[in-house]
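All of these numbers come straight from a predicted model, not from anything done at the bench.
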Amino acid sequence: MLQIIIQGLLLSGLYALIAVGFTLIFSVGRVLNLAYGAYLMLGGYAFFYVSQTLGMPKLLGVVAAVAVGVIAGLMKHRFIVKPLKGDMVPVEIATLILAVVLQSAVVLMFGDSSKILHSIIPGVVQVGTVSVPYSNVFAMIVSWTVLIALYLFIRKTHLGRAMQAVSMDQKGAAISGVNPDHVNMMVWGISGGLGALGGVFFASYTQLYPAMWVAPLIIAVAVVIVGGIGSIIGTLIVAHIIGFMEVMTTSLIAPELRGVFTMALIIIVLVVSPKGLFGREEIH
Amino acid sequence: MAILEIENLSAFYGKAQALDGVSFSVEEGEIVGVIGANGAGKSTLLDSIMGMTQTTGAIRLAGADLAGKTTAEIVKMGVGYAPERANLFPYMSVRDNLLVGAYTARDDIERNLEMVHDLFPRLKERSTQETGTQSGGERQMVSVGRALMTSPKLLMVDEPTIGLAPKVCLEIAEVLRRLNKDYGATIIITEQNVNFALTLAERLLVMETGRIRMSGTVEELRENPALTEAYFGH
Ligand SMILES: Nc1ncnc2c1ncn2[C@@H]1O[C@H](COP(=O)(O)OP(=O)(O)OP(=O)(O)O)[C@@H](O)[C@H]1O
Ligand SMILES: [Mg+2]
């Protein structure tokens, strides 16, 4: 029981971090970024390269991963989203192709086989009968910190309010002196950084492999569909529902069924409540 | 000095032309009314000043050319706009809507908020209400308030009375008049409701199918028989 609670909390925090970057792009940029998982892959491999291939400090590896994610996001905005003027379907197709291309590039550079990441912080902490790796605790604390910071940023700062404004009414934002293009660019950067950070933690949880962008994408889509696109609080709650569901399935039923209930939940919610349980598309 | 000078302005939506060679200017401290029927091009004129349409011709704000500027830059240069559909942020509070308006005028927030609350006490009472749940009149107030938060040299208000009860129209007219008298605001207001425009504006521009058909002071236009028949409803 304790095992389930602890693992559930750890996994859910990570899922929330992964999903929130995806939410952000949908609500502000109105693009379903199907290549979002690629940020996780890029982040994971950037961390691997800096901290394990080059042998630099782990923290530098995390920073490098986030930087790569931010740059990838900014470039995607500059070279795909902006030229296509946010025209949804072509952007989605182009980004999906990009994810596949990036996967090939990763195979070319790092090979096909999966890699195990060294723990960001070695060692385990004993909670009752359960031993929890420090790395996973670190991942959860960082995830929560980032989510809370992001929430406050969106609610309390001029730039954050501008993001909300663009997500709700582009013309209204523009005549308030907000340049929607700049805000979009910034959101693509933030989303890339969040995804890459999530990728480092996700790869530490599982392993690093070139196709690792698919599973987190499904999680992000699930959280967003069930939570209602755009709600940070909704994202957080649903990430916990899904996280706990997976942990319970894995430890009580069978590990093979892990993703099945997540998919089932997506379909049920889509049918019952297409706008999600916390429903609306604008960030808040 | 002229705050706004417009010379031979034409505007296009794709191939369709919505403004055709419009020229006029607005002096500091004036209230100018733009009247015209549905589709005359009133909103297009204001959108064009905000840099939101394809245009040819010249638009100058206090002598500075607005050509090639983004809407955000034009706001920063001093044009405040309350558009026809308000374009508020429905899931944000009244206060946050106003604060977004202050995006380029952050140093003036306190003073501007005080002015907006002085003009629209209701917005102070309702500062935490989401604008999506407000009445049409309240939304119109937020819209004008948000435009004022940009510290405008020129305020443009597009059909503020549309769909509102006569009493609310009077309230809004009173506020615009006070803005002009007490705060020295320069205002362009568009209206189909000619009587409303008449009670406020010193000078009127009459638009028809993308052109300015006539212009002049209210007294001058009252003497024009064609206009009297079409707009003053005799
Ligand atoms: N986004 C647009 N795309 C294409 N045509 C447009 C667009 N907006 C306006 N028009 C056209 O431009 C012309 C002028 O419209 P505009 O909205 O400026 O008129 P208006 O005077 O504001 O009318 P109303 O009193 O109904 O608001 C109309 O013929 C309209 O159909
Ligand atoms: Mg109009």
Against chain A, label [X] side chain, backbone, both or neither, depending on which of its atoms sit under 4.5 Å from a heavy atom there.
| X | result |
| --- | --- |
| B/Ile109 | side chain |
| B/Met52 | side chain |
| B/Leu99 | both |

Residue pair A/Ser176 / B/Val75, side-chain heavy-atom distance below 4.5 Å: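 A/Ser176 does not reach B/Val75 side chain to side chain.
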
Note, B/Phe89 side chain near A/Ser167 side chain (heavy atom, < 4.5 Å):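 In short, these two side chains do not touch, never coming nearer than 4.5 Å.
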
Residue, of A/Asp169, A/Asn179, A/Leu159, that accumulates the most heavy atom pairs under 4.5 Å with chain B: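 Highest number of heavy-atom pairs under 4.5 Å: A/Asp169.
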
Option that, when pairs with chain A are counted at under 4.5 Å, heavy atom only, ranks first among B/Met50, B/Arg146, B/Glu73: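 The option with the most such pairs is B/Arg146.
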
Option that, when pairs with chain A are counted at under 4.5 Å, heavy atom only, ranks first among B/Gly51, B/Ala147, B/Gly101: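 Most heavy-atom pairs within the cutoff with chain A belong to B/Gly101.
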
For [X] and [Y], which heavy atoms make the closest approach, and how far apart are they?
| X | Y | answer |
| --- | --- | --- |
| B/Val100 | A/Val178 | CG1-CG2, 4.3 Å |
| A/Gly177 | B/Tyr103 | O-CD2, 3.4 Å |
| B/Ala102 | A/His158 | O-CE1, 4.5 Å |

N-O pairing of B/Asp47 and A/Lys171 below 4.0 Å: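 Judged by the 4.0 Å cut-off on N to carboxylate O distance, B/Asp47 and A/Lys171 do form a salt bridge.
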
